[in-house]
There are 2 protein chains.
Amino acid sequence: MAKGKAQKQVPRYLQVCNELVEMIRTGEVAVGDMLPTELELCDRFEISRHTAREALRRVEDMGLVERKRGSGTRVTAREAPVVYNQYVANIDELMQYGQATRLAICSAANDPVPARLASALGCKPGERMPHLLGLRSYRDQNSAPPICLTEIWIPHASANQAKLLLDLEKSERMLYKILDFSRLSRVRQTLSADSLATDAAELLEADPDSAALVINRRYHDLGDRLILMAISTHPKERFRYSTELRSQ
Amino acid sequence: MAKGKAQKQVPRYLQVCNELVEMIRTGEVAVGDMLPTELELCDRFEISRHTAREALRRVEDMGLVERKRGSGTRVTAREAPVVYNQYVANIDELMQYGQATRLAICSAANDPVPARLASALGCKPGERMPHLLGLRSYRDQNSAPPICLTEIWIPHASANQAKLLLDLEKSERMLYKILDFSRLSRVRQTLSADSLATDAAELLEADPDSAALVINRRYHDLGDRLILMAISTHPKERFRYSTELRSQ
DNA sequence: CAGGATTATTTGTCCGGACATATTCTACGG
DNA sequence: CCGTAGAATATGTCCGGACAAATAATCCTG
């Protein structure tokens, strides 16, 4: 190889990491197969176990392999998925609203689930669960029309939680206290457009049949159980949903 | 507690990591300040440098500190931002469409930028740049109405690129070849609802004034320069935008 | 005092070794 | 044949040491 000295630009562990990534990319080691063990890498590349581990750690960080003590290193993907990070500071921002808005609860009842929502809620049509309806507006602008109409369904609520929820006259912040959002692991959001139904239009002080942005959010806990589903209907021009995806 | 040996559940480096996180959270070490050096941690916690580094690595992975060789470890955030990862396999998926659809280009010209888009495109109203218009539909269903109308603006195109773009009769895949999407670093998406203008409605085979989901996507390169802006208008019920946010 | 050269500090890379703990394999016994 | 106990295997944790490289601080010189 004839390395005088300055060849050292790329650290050894990165070289090994790259070779491993390449082995996976070309399919020399297929998805599902085991990568060489740390000690085998030590032999093959003439490196210490520390260096082998550093290389494997990088490959793991790329999301290409899964390591398990006692078992080994298994390939889980052929190419690194492009990961975009979306940073969200707190639960409010996750709900896409800051401190500036509040949700005024219009009604709260133990309602039967309509057929169109049954599958999304993972229950049978007609089953009853806590169901809230509220209007979100800017905290300081009482005269302005609301930003959106929000419908909330809460499956798997305990009897005690249900009681608290139905008494709910306060802001939505109480929701976070009653439900355990600290166990949040996954949120699925679906955005679509629809025209406003007449009753919704009235509440929202908007024209019937005008366009609206509908956001359906489902919050799952660590056990992947649906904690809450919220459907927000925003008349056009009152709301925009923005996300920024950053690579790596 | 009182367990003779099984106390070892939590590894030492994690204990140290937790103490450091706590120091940051309580403000004992403020944002902008330096964390103790590796050697200081070795002394203070009576651990090896390897263990200190492992602890610091974890804190770094949480996004709380920034490490720099020769300088030290600086606190960059008081609390770990909730990071949601969104995995996107390739540029197609980033555009939110798989292989199943294709964009048929209707028109391509060097058009003046309308006033309402000037600020988003970072240019003066009336400035000219390559501008494409196309209809996206399912690849195999030619009879079905299109999914959306897509308007594409390309600022900073070189003369050569502009020439290629205006000749564009092919699928949008050519766009990826003409423009350098490998340098993609940031995508900002904004979703809103609007009613369909009559001309758009005609192209889309939809009712005028009916609701539509409008997605504005801006693609920035590593130098944070706007590569491309695309505005897609989806008549209601033809498209839903879904994302799944996973914590850590 | 300004600016460059030198030195000290701090993290990065890499080696060696040892034991712990989780998993898998194997051999044994019922 | 099955299940279990033990052995073998593989990664996790933790220690020690050494030198490299980048940065920051200091000193020196014009």
Side-chain angles (χ1 to χ4, degrees), chain A residues 1 3-21 23-24 29-77, chain B residues 3-21 23-24 29 32-77 248:
Chain A
M1 204 167 270
K3 44 150 87 174
K5 200 149 214 172
Q7 179 118 9
K8 213 44 192 281
Q9 302 137 345
V10 177
R12 193 81 183 92
Y13 73 89
L14 271 186
Q15 293 175 23
V16 174
C17 164
N18 288 335
E19 290 219 30
L20 293 173
V21 168
M23 283 167 59
I24 293 170
V29 186
V31 173
D33 287 359
M34 303 302 290
L35 227 52
T37 68
E38 295 178 355
L39 293 181
E40 279 169 10
L41 292 178
C42 293
D43 280 356
R44 190 187 303 186
F45 292 101
E46 296 185 334
I47 54 180
S48 73
R49 185 161 164 239
H50 177 84
T51 303
R53 280 178 65 75
E54 192 65 43
L56 285 169
R57 190 201 300 258
R58 297 306 176 111
V59 180
E60 185 182 18
D61 285 347
M62 288 185 203
L64 295 179
V65 300
E66 190 178 67
R67 315 194 67 204
K68 211 154 54 173
R69 173 188 292 189
S71 173
T73 304
R74 187 178 300 279
V75 178
T76 56
Chain B
K3 32 173 72 177
K5 200 151 212 168
Q7 181 121 6
K8 213 41 191 283
Q9 300 138 343
V10 178
R12 193 81 184 91
Y13 72 89
L14 270 186
Q15 293 175 24
V16 175
C17 165
N18 288 335
E19 290 219 31
L20 293 173
V21 169
M23 283 166 60
I24 294 169
V29 186
D33 287 0
M34 304 301 292
L35 228 52
T37 67
E38 295 177 354
L39 293 181
E40 278 170 11
L41 292 178
C42 293
D43 279 357
R44 189 187 304 186
F45 292 101
E46 296 185 333
I47 53 179
S48 73
R49 188 165 161 236
H50 177 84
T51 304
R53 281 177 66 74
E54 192 64 43
L56 284 169
R57 190 202 300 257
R58 297 306 176 113
V59 181
E60 185 183 17
D61 284 349
M62 288 185 202
L64 294 179
V65 300
E66 190 179 68
R67 314 194 68 207
K68 210 153 55 173
R69 174 189 289 189
S71 172
T73 305
R74 188 179 300 278
V75 178
T76 56
Q248 210 55 312

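Chain identifiers are assigned alphabetically (A, B, ...) following the order of the sequence lines, protein sequences preceding nucleic acid strands; residue numbering begins at 1 within each chain.
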For [X] and [N], give me the distance from atom [atom1] to atom [atom2], rounded to whole Å.
| X | N | atom1 | atom2 | answer |
| --- | --- | --- | --- | --- |
| Glu54(B) | dC14(D) | CD | P | 9 Å |
| Arg12(B) | dC14(D) | CZ | C1' | 11 Å |
| Ile47(A) | dG16(C) | CD1 | C1' | 14 Å |
| His50(B) | dG12(D) | NE2 | P | 11 Å |

Polar atom pairs (N or O), protein with nucleotides 3-6 of chain D, under 3.5 Å:
none

Practice problem: Go through the structure and list residues passing side-chain hydrogen bond (donor to acceptor under 3.5 Å, both in side chains) with Arg57(A), not counting sequence neighbours. | Solution: Glu54(B)
Quiz prompt | side-chain contact (heavy atoms from CB on, under 4.5 Å) partners of Glu19(A), counting only residues at least two apart | solution = Phe45(A)
Quiz item: Can you name the residues that form a side-chain contact (heavy atoms from CB on, under 4.5 Å) with Asp33(A), not counting sequence neighbours?
Solution: Val29(A), Ala30(A)
Do [X] and [Y] come within less than 4.5 Å of each other through their side chains, counting heavy atoms only?
| X | Y | answer |
| --- | --- | --- |
| Ser48(B) | Arg53(B) | no |
| Leu41(A) | Thr51(A) | no |
| Val65(B) | Leu20(B) | no |
| Asp61(B) | Asp61(A) | no |

Quiz item: At under 4.0 Å between heavy atoms, what does Glu66(A) touch on the DNA or RNA strands: base, sugar-phosphate, or nothing?
Solution: nothing
List, one per line, each side-chain donor-acceptor pair under 3.5 Å for residues 67-77 of chain B, sequence neighbours excluded.
from	atom 1	to	atom 2	distance (Å)
Arg67(B)	NE	Thr73(B)	OG1	3.2
Arg67(B)	NH2	Glu38(B)	OE2	2.6
Arg74(B)	NH1	Gly32(B)	O	2.6
Thr76(B)	OG1	Leu64(B)	O	3.0

Exercise. Report, as a single string ordered 5' to 3', how protein heavy atoms within less than 4.0 Å touch nucleotides 5-12 of chain C: B base, S sugar-phosphate only, - not at all.
Key: ----BBBB
